[in-house]
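Below you'll find the structure, written out as structure tokens, and then a few comments.
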Amino acid sequence: MTAVAEPLLDVLPAVRLSGIAKRYGNATVALDDVTLEVGRGEFLCIVGASGCGKSTLLNLIAGLDQPTAGQVEVTGGRATLLFQEAALFPWLTASLNIELALRLRGVARQERRERAEELLERVHLAGMGDRRPHELSGGMRQRVALARALAQEPEILLMDEPFGALDAMTRDLLHDELERIWAASGLTVVFVTHNVREAARLGDRIVLLTSRPGRVAQTFDVDITRPRRIESPEVASLAANVTAALRAEVRRHGS
Ligand code: ADP
Ligand code: MG
């Protein structure tokens with residue numbers, strides 16, 4: 001009998017990757033021997049150069065793809081993936097985009113409208129439910145996508161450079177909102193970015209990946225009190241350390 005007792009589940013990490021390798025065809029080794037744990041309720045940021053395997057890693061955690069070697073264990077509950085470009089249905093209003101996710105979760109028709117409005121409030125978009133995606137700014141669209149992800153009631157939120165296409169001001173606002181939602185919910189977040197400052201602004205921990213193949217180069221604990229400002233000296237100083245490590249890795253691998 002190997003069933004894990006409930007109290008024990010609470011101390012297990014939400015996600016555990018052991019010796020993960022991922023190869024595409026015969027040529028590309030995207031990830032090689034990645035071992036990593038994400039604690040329950042942790043906000044983990046993953047940084048690394050473009051093409052180092054960040055999206056591959058998230059897809060493996062999301063179960064959208066299988067590793068070539070190693071083990072992916074997700075015991076922290078349901079994982080939902082949020083992409084860089086808000087993949088909203090353009091012909092549906094913001095509210096209906098969210099209601100669709102609720103419907104797939106089996107929420108009754110009468111409740112969907114109200115729940116969607118609550119979710120829109122959570123991302124500070126109250127009253128915007130009747131707008132279609134093209135009537136919203138990029139930041140608003142990404143917030144609708146976040147509301148839709150929250151509608152799936154995930155325990156683990158996987159975010160793949162979700163704010164990469166936004167201007168700095170909008171991104172700052174979304175950092176605040178994401179931090180607020182995370183702090184209030186006990187969500188586990190795995191947040192991928194190539195923006196080191198963003199990682200230092202948001203993360204409890206930062207994992208730096210090397211390129212070709214992607215490996216864990218270094219892990220940084222972020223001991224900066226929240227709420228944080230991206231322009232604070234503490235965030236800037238940690239970001240400088242991570243950037244220096246990233247540069248050293250890029251030089252070592254000559255890419
Ligand atoms: P990142 O998200 O860090 O930019 P990716 O995980 O997208 O990196 O890609 C890692 C490596 O794997 C890259 O060299 C990329 O070209 C390759 N790759 C990613 N997805 C595929 C795929 N479906 N087929 C073949 N190669 C892929
Ligand atoms: Mg990517």
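Each ligand, and each atom within it, is numbered from 1 in the order the structure gives. Scope of the values below: all heavy atoms of this structure, side chains included, with no hydrogens, waters or symmetry mates. Small disclaimer: the values here were computed from a predicted structure and weren't measured.
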| said: Does the protein come close to atom 23 (N) of ligand 1 - that is, does one of its heavy atoms sit below 4.0 Å from that atom? | reply: yes
| request: For a side chain to side chain contact (heavy atoms under 4.5 Å, CB included) with Leu36, tell me which candidate from Leu57, Ile20, Val15 qualifies. | output: Leu57
| message | Arg201 and side chain to side chain contact (heavy atoms under 4.5 Å, CB included): which single residue from Asp176, Leu238, Val222 fits? | response | Asp176
| task | Determine yes or no for a side-chain-to-main-chain donor-acceptor pair under 3.5 angstrom, with Arg212 supplying the side chain and Ala30 the backbone. | result | no
| field | Distance filter under 2.8 Å, centred on the Mg ion (ligand 2) - protein N, O or S atoms that pass it | value | Ser55 OG
| Salt bridge flag under 4.0 Å for residues Asp65 and Lys22 | yes
What about [X]: any of its N or O atoms under 3.5 Å from an N or O on ligand 1?
X	result
Ala30	no
Arg212	no
Thr28	no
Thr56	yes

| message | Testing the basics here: between Gly48 and Leu246, what is the closest heavy-atom pair and its distance to 0.1 Å? | response | CA-CD1, 4.2 Å
| Smallest separation among heavy atoms of Ile181 and Leu146, with atom names | CD1-CD2, 4.2 Å
| field | Closest protein heavy atom to atom 11 (C) of ligand 1, given as residue, atom name and distance to 0.1 Å | value | Gly51 O, 3.6 Å
| request: Specify the protein heavy atom at minimum distance from atom 8 (O) of ligand 1: its residue, its atom name, and the distance to 0.1 Å. | output: Gly53 N, 3.1 Å
| query | At what distance, to the nearest 0.5 angstrom, does OG1 of Thr80 lie from CG of Leu150? | reply | 8.5 Å
| said: Quick check on the hydrophobic clustering: are Val196 and Met159 connected, directly or via other members, by side-chain heavy-atom contacts under 4.5 Å? | reply: no
| Among Ser211, Ala27, Ser55, which residue places a heavy atom closest to atom 2 (O) of ligand 1? | Ser55
| Once the angle between the rings of Trp182 and Phe43 is folded into 0 to 90°, is it parallel (under 30°), tilted (30 to 60°) or perpendicular (over 60°)? | perpendicular
| message | Check the orientation of Phe163 and Phe191. Use parallel for under 30°, tilted for 30 to 60°, and perpendicular for over 60°. | response | tilted
